[in-house]
Colleague: 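Here it is, the structure in full.
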Amino acid sequence: MTKIIALDLSKRSTGWAVWDEGWDMPRYGSVQLGSEFTCDGRTYIKLHQVLSDLRATLTKFETIYFEEPINPNALSGHTNIDTLRVLAGLAAHTLSYASALGLRAQAVNITSWRRHFVGKMPRGTKSKEWKEYAIERCQQYGWKPRKDDEADALGILDYGCELQGVTPPWRIDETLRAPLGVRA
């Protein structure tokens with residue numbers, strides 16, 4: 001039985017998506033783990049609480065997929081060393097949580113899951129565009145993410161299913177995807 005949670009980790013807005021093999025569609029949402037005034041330790045405690053609550057209320061997920069932290073060489077925009085430290089801590093805490101419970105956890109590369117979920121884009125495609133396309137792909141599957149963090153978590157979840165060799169219900173009848181950016 002496949003029971004997966006996918007995370008788009010962030011202090012301000014962590015997107016999550018959960019799927020159990022018996023479900024037609026995933027459950028998803030987002031949560032704030034902290035603010036600029038929250039110490040890093042409290043942020044990690046909040047992540048632990050969120051994971052425990054989701055595991056207790058939705059399904060006892062067995063695998064956690066999460067986007068690997070940003071490579072420091074790829075710093076751009078509003079990303080700074082403090083953000084990198086928190087993201088690395090969130091990833092480490094996710095691995096620790098999984099290990100303590102005997103779960104499988106795997107960091108996934110942003111480029112890999114995006115190409116799988118959205119498709120190949122021209123080099124230099126901005127993050128904002130990728131996020132818009134992730135939302136659009138979600139809408140093609142009938143999901144209505146409220147924010148891009150939820151859409152990213154859904155994309156990571158879909159990629160996690162692929163990594164496990166599982167075809168989830170939303171992909172069973174898929175023969176050709178509509179190109180992104182094309183409106184019906």
Side-chain angles (χ1 to χ4, degrees), residues 2 4-20 23-33 47 50 54 58 61 63-80 83-84 86-88 90-91 94 105-184:
T2 302
I4 301 172
I5 187 168
L7 303 168
D8 180 37
L9 295 168
S10 164
K11 187 175 190 176
R12 268 190 321 188
S13 184
T14 288
W16 57 267
V18 178
W19 180 66
D20 187 315
W23 301 349
D24 289 339
M25 295 290 216
R27 313 305 195 263
Y28 54 91
S30 57
V31 62
Q32 183 173 348
L33 300 177
L47 174 61
V50 168
L54 290 171
L58 292 178
F61 51 82
T63 305
I64 304 173
Y65 290 102
F66 61 96
E67 188 176 278
E68 64 188 16
I70 300 168
N71 182 325
N73 296 330
L75 277 178
S76 68
H78 299 290
T79 304
N80 59 39
T83 302
L84 292 176
V86 170
L87 291 174
L90 289 169
T94 301
Q106 181 177 339
V108 295
N109 178 276
I110 189 170
T111 303
S112 299
W113 82 254
R114 280 180 169 171
R115 277 199 187 127
H116 165 80
F117 193 61
V118 171
K120 190 170 179 174
M121 294 292 176
R123 190 172 180 85
T125 300
K126 304 285 184 214
S127 179
K128 184 177 187 288
E129 294 172 281
W130 278 107
K131 290 180 176 296
E132 290 168 358
Y133 284 132
I135 290 170
E136 190 174 331
R137 176 67 71 220
C138 287
Q139 291 168 345
Q140 288 177 345
Y141 286 132
W143 307 328
K144 296 175 176 50
R146 294 169 296 164
K147 47 188 10 182
D148 58 60
D149 307 297
E150 294 174 6
D152 286 354
L154 286 160
I156 295 165
L157 176 75
D158 188 69
Y159 183 62
C161 289
E162 179 75 15
L163 291 175
Q164 289 193 15
V166 174
T167 303
W170 56 90
R171 284 197 176 259
I172 287 175
D173 295 325
E174 184 178 80
T175 52
L176 293 174
R177 290 189 206 171
L180 291 171
V182 176
R183 306 268 185 232

Colleague: Got Leu7 and Leu90 here, is their nearest side-chain heavy-atom distance under 4.5 Å?
Modeller: no
Colleague: Kindly give the heavy-atom pair with the smallest separation between Pro26 and Leu154, and that separation in Å.
Modeller: CG-CD2, 3.5 Å
Colleague: Would you say Leu163 and Val108 make side-chain contact, with heavy atoms under 4.5 Å?
Modeller: yes
Colleague: For a quick test of reading the model, state the closest non-hydrogen atom pair linking Phe66 to Thr94 and the distance between them.
Modeller: CD2-CG2, 3.7 Å
Colleague: Stepwise, does the side-chain contact (heavy atoms from CB on, under 4.5 Å) test hold for Glu162 with Ser112?
Modeller: CA-CA 11 Å; Glu162 179 75 15; Ser112 299; over 6 Å; no
Colleague: Would you check if the side chain of Glu129 reaches a backbone N or O of Thr125 as a donor-acceptor pair within less than 3.5 Å?
Modeller: no
Colleague: Could you tell me the separation between the CD atom of Gln164 and the OG1 atom of Thr63, rounded to the nearest 0.5 Å?
Modeller: 4.5 Å
Colleague: Using modelled atom types and a 3.5 Å cut-off, is there a donor and acceptor pairing between side-chain atoms of Arg27 and backbone atoms of Met25?
Modeller: yes
Colleague: For Ile4 and Tyr65, work out which heavy atoms get closest and say how close.
Modeller: CG2-CD1, 3.6 Å
Colleague: Would Leu47 and Leu9 count as a side-chain contact (heavy atoms from CB on, under 4.5 Å) if you check the C-alpha gap in whole Å, the side-chain angles of each, and the deciding distance to 0.1 Å?
Modeller: CA-CA 9 Å; Leu47 174 61; Leu9 295 168; 4.0 Å; yes
Colleague: What is the distance from atom CD of Gln106 to atom CD of Glu68, rounded to the nearest 0.5 Å?
Modeller: 10.0 Å
Colleague: Grab the two heavy atoms, one from Gly29 and one from Arg146, that are nearest each other, plus how far apart they are.
Modeller: CA-NH2, 3.9 Å
Colleague: Is there a side-chain contact between Asp152 and Trp130 (heavy atoms, below 4.5 Å)?
Modeller: no
Colleague: Would you call the rings of Tyr141 and Phe117 parallel, tilted or perpendicular, where under 30° means parallel and over 60° means perpendicular?
Modeller: tilted
Colleague: Can you list everything that forms a side-chain contact (heavy atoms from CB on, under 4.5 Å) with Glu132? Sequence neighbours excluded, please.
Modeller: Lys128
Colleague: Mind checking ring-ring contact (aromatic ring centres under 6.0 Å, His included) for Tyr159 and listing every partner two or more places apart, or none if nothing turns up?
Modeller: His116
Colleague: Would you indicate whether the side-chain heavy atoms of Pro168 and Asp158 approach each other to under 4.5 Å?
Modeller: yes
Colleague: So which atom in Ala6 and which in Ile156 form the shortest heavy-atom distance, rounded to 0.1 Å?
Modeller: CB-CG2, 3.7 Å
Colleague: Using only atom types and a distance under 3.5 Å, with no angle test, would you say the side chain of Tyr28 pairs donor to acceptor with the backbone of Lys144?
Modeller: yes
Colleague: What are the two closest heavy atoms between Trp170 and Leu157, and how far apart are they?
Modeller: CH2-CD2, 4.2 Å
Colleague: Compile the donor-acceptor pairs under 3.5 Å between side chains in residues 11-20 and protein atoms, sequence neighbours left out, one pair per line.
Modeller:
residue	atom	partner	partner atom	Å
Lys11	NZ	Ser35	O	3.2
Lys11	NZ	Thr38	O	2.6
Ser13	OG	Lys147	NZ	3.3
Ser13	OG	Asp149	OD2	2.8
Thr14	OG1	Ser10	N	3.0
Thr14	OG1	Ser10	O	2.5
Trp19	NE1	Trp23	O	2.9
Asp20	OD1	Gly22	N	3.3
Asp20	OD2	Thr59	OG1	2.7

